[in-house]
Amino acid sequence: MGKEEVRRVSLLHSLQFKYALTYMAVIGLVLLLLNTYPILASQDLVFQSKQASLQNRAAVLSSSLGVSDTLTPEGVSQAMEVLGDSSLTRVLVTDSAGLILYDSEGEESLYHYALFSELYGALSGLDVFHSQYQGETLSSCAATPITYRNLTLGAVYLWEVDTEQGALLLNLRTTLMNISIVVCVLVVLCSVFFSKALSRRIGDLFHAIAIVREGEYSHRVELVGKDELSLLADEFNDLTHRLQVTEEARRRFVSDASHELKTPLASIRLLTDSILQSPEIDSETTREFVADIGGEADRLTRISEKLLTLTRLDAHMEQARSPVAMSPVVEKVARMLAPLTRAGEVSLRLELDPDCVVFATRDDLSQIAFNLMENAVKYNRPGGEVRVITTHNREKAVFMVKDTGIGIPQEDQGKIFDRFYRVDKARSRAAGGTGLGLSIVMDTVQQNRGEITVRSEVEKGTVFIVSFPLCKEVGE
């Protein structure tokens, strides 16, 4: 950067890392849901299907065995030879005490008690089902009581190990896991790409701010798109444009102020050198030189006062405003300018409306009236006229100054409110102008929520029109 090193953000604190982390966190939650909900839902569907199947088959066996009031191993074996289902892993039939009467795995367990919780539930009169999935195996069991005329004779217990359904669930889990891995890789790549693209745009904006901070107000940043960052870039460019205009105005103001102050100072220096370097100068000439020095000092004073006024206006210092009638202010300014109008052989005519009241300060109104009326007199011609009119309508109070003076060229009318701008520089200096009066008028009018316009024709005269919001209450 030259004078200052650009501040850099660590990776962990950068927007790029935060955006990438946010993307991955959101996708991680989605993948977690993808790997849990479908598998759990599939397991529930398989369990429900298996429960319906086993309980129906157990009910068929129970109804076939519950045809008499007793269960015997021989009778159960004969019935099971007819009704047996080879797809089941194991089939047990017990009596009411839990003693095994039939076991599809063999006769070794006959006349032993079956210690299965599902059987005890069935012997209590309940239909019981239980299923679990481990690895690639789906293990399910169902138990149903055998009843005869509301008497529980025993129970049927079915157990099935289904590797096909287990393999399907495992394949589903594996497939979802593979999809998740692929999605994770794509998300990481996309999050890095998009976060870099976003952070790069922010980095461009930050780099532009750093350049402008060094004083390069002409620098602009270009961000493609119509999102918030593009709008922020547009606002930044507008701000830098205003800074550039303000900086150019400040430099021009400093240059003009220096030039305006240098001219009377140079005159004072020249006059004092003439007095000091001329030992035989007569007293009358000395008085003339001293009078000229006083005039230049007065000019410096006027410039200083107007610069102080502009500084106050630029600072937007709030002043206590109140309803003020315009007519007394204008009459007072006219009395102050009476010597100037007599010297310039200019007539000053007042047409004042006593009901023109504005919400402002008396000093501000006096400043506006004095500058406009003084210019109308100074830049008039001998025998000319200045008309000062105040009027109002329902919403606005209007202050108007018309003169029959030299007028303002059309190309200069848009610049007369600029600081130190003069239409005729030689005549302005000869009249004692500083080029700040109209600028002060413009700033003062705007601070009091007013508007000012100008109409002028060369060699015919000029009209300044100032309007303010009308205030109903007349100030003291």
Exercise for the section: Dump the intermediate steps for side chain to side chain contact (heavy atoms under 4.5 Å, CB included) on V463 and M400, then the final yes or no. Expected result: CA-CA 7 Å; V463 181; M400 188 182 306; 3.8 Å; yes
Problem - Heavy-atom side-chain contact between V330 and F399 under 4.5 Å - result: yes
Practice task
Run the numbers on N237 and V221 for side chain to side chain contact (heavy atoms under 4.5 Å, CB included), then give the verdict.
Solution key: CA-CA 7 Å; N237 291 335; V221 60; 3.5 Å; yes
Exercise for the section: Would you please say whether a donor-acceptor pair under 3.5 Å links the side chains of N178 and T175? Expected result: no
Handout entry: Check: H241 and R220 side chains under 4.5 Å, non-hydrogen atoms
Key = yes
Practice task
Please answer whether the main-chain N or O of L92 pairs with a side-chain N or O of D103 as donor and acceptor at a distance below 3.5 Å.
Solution key: no
Problem - Backbone of N150 reached by a side-chain donor or acceptor of T147 within 3.5 Å - result: no
Practice task
Anything under 30° is parallel, anything over 60° is perpendicular, the rest tilted; go ahead and classify F464 against F417.
Solution key: perpendicular
Problem - Which atom of P145 lies closest to which atom of A122, heavy atoms considered - result: CB-O, 3.0 Å
Handout entry: H392 side, atom NE2; M326 side, atom CE - distance, nearest 0.5 Å
Key = 12.0 Å
Exercise for the section: Report the distance from atom CZ of F47 to atom NE2 of H130, rounding to the nearest 0.5 Å. Expected result: 8.5 Å
Handout entry: Q367-N371 side chain donor-acceptor pair, cut-off 3.5 Å
Key = yes
Exercise for the section: Check whether any side-chain N or O of E105 sits under 3.5 Å from a backbone N or O of R90 as a donor-acceptor pair, and report yes or no. Expected result: no
Handout entry: Nearest-0.5 Å distance that lies between atom CD1 in I465 and atom CZ in R455
Key = 4.0 Å
Exercise for the section: Enumerate the residue pairs fulfilling salt bridge (Lys or Arg N to Asp or Glu O under 4.0 Å) with a member in residues 33-53, sequence neighbours excluded, ordered by first and then second residue. Expected result: K50-E160, K50-D162
Practice task
For L61 and S64, run side chain to side chain contact (heavy atoms under 4.5 Å, CB included): C-alpha distance rounded to whole Å, both residues' side-chain angles, the deciding distance at 0.1 Å, then the answer.
Solution key: CA-CA 5 Å; L61 292 176; S64 299; 5.7 Å; no
Exercise for the section: Measure the shortest side-chain to side-chain distance between L470 and N393 over non-hydrogen atoms and say whether it is less than 4.5 angstrom. Expected result: no
Problem - Stepwise side-chain hydrogen bond (donor to acceptor under 3.5 Å, both in side chains) check, T361 with D364 - result: CA-CA 5 Å; T361 67; D364 285 348; 3.1 Å; yes
Problem - Any donor-acceptor N/O pair, S53 side chain to S49 backbone, under 3.5 Å - result: no
Problem - More than 12 heavy atoms from other groups under 6.0 Å of CD on E457 - result: no
Handout entry: Atom pair NE2 (H219) and CG (L243), whose distance is rounded to the nearest 0.5 Å
Key = 13.5 Å
Handout entry: Heavy-atom check, side chain of T70 versus side chain of Y148, under 4.5 Å
Key = no
Exercise for the section: Grab the two heavy atoms, one from L158 and one from A58, that are nearest each other, plus how far apart they are. Expected result: CD1-N, 3.4 Å
Exercise for the section: Verify the neighbour count for atom CZ of R242: are there more than 12 heavy atoms of other residues, nucleotides or ligands below 6.0 Å? Expected result: no
Exercise for the section: Decide if atom CD of E451 counts as having more than 12 heavy atoms of other residues, nucleotides or ligands within a radius under 6.0 Å. Expected result: no
Exercise for the section: Please examine the side chains of V441 and L372, heavy atoms only from C-beta on, and report whether any two atoms are closer than 4.5 Å. Expected result: yes
Practice task
Hey, could you give me the CD1/CG distance between I209 and L239, rounded to the nearest 0.5 Å?
Solution key: 9.0 Å
Practice task
Taking the side chain as every heavy atom from C-beta outward, state whether F468 and I368 have any pair of such atoms under 4.5 Å apart.
Solution key: yes
Handout entry: Student check: side-chain heavy atoms of V156 and I146 closer than 4.5 Å
Key = yes
Problem - Shortest non-hydrogen separation from W159 to S140 and the atoms involved - result: CD1-O, 3.2 Å
Practice task
Check the pair S456, Q413 against side chain to side chain contact (heavy atoms under 4.5 Å, CB included), reporting the backbone distance first and the verdict last.
Solution key: CA-CA 8 Å; S456 183; Q413 291 180 19; 3.6 Å; yes
Handout entry: Considering all heavy atoms, the nearest L138-S131 contact
Key = CD1-OG, 3.7 Å
Problem - With sequence neighbours excluded, residues passing side-chain hydrogen bond (donor to acceptor under 3.5 Å, both in side chains) with S467 - result: none
Handout entry: Under 3.5 Å donor-acceptor, T89 side chain and V161 backbone
Key = yes
Practice task
Might you point out which heavy atoms bring A59 and T144 nearest each other, and give the distance in Å?
Solution key: N-OG1, 4.4 Å
Practice task
Search all heavy atoms of S327 against all heavy atoms of L352 and return the closest pair with its distance.
Solution key: OG-CB, 3.5 Å
Problem - Selection residues 137-147 - residue pairs positive for salt bridge (Lys or Arg N to Asp or Glu O under 4.0 Å), sequence neighbours left out - result: none
Practice task
Side-chain contact test, heavy atoms from C-beta onward, threshold under 4.5 Å: evaluate it for T94 versus L99 and give yes or no.
Solution key: no
Exercise for the section: Spell out, as yes or no, whether a donor-acceptor pair under 3.5 Å connects the side chain of N56 to the backbone of A52. Expected result: yes
Handout entry: Gap separating the CE atom of M80 from the CG atom of L101, nearest 0.5 angstrom
Key = 11.5 Å
Practice task
Give a yes or no on whether K396 atom NZ has more than 12 heavy-atom contacts from other residues, nucleotides or ligands under 6.0 Å away.
Solution key: yes
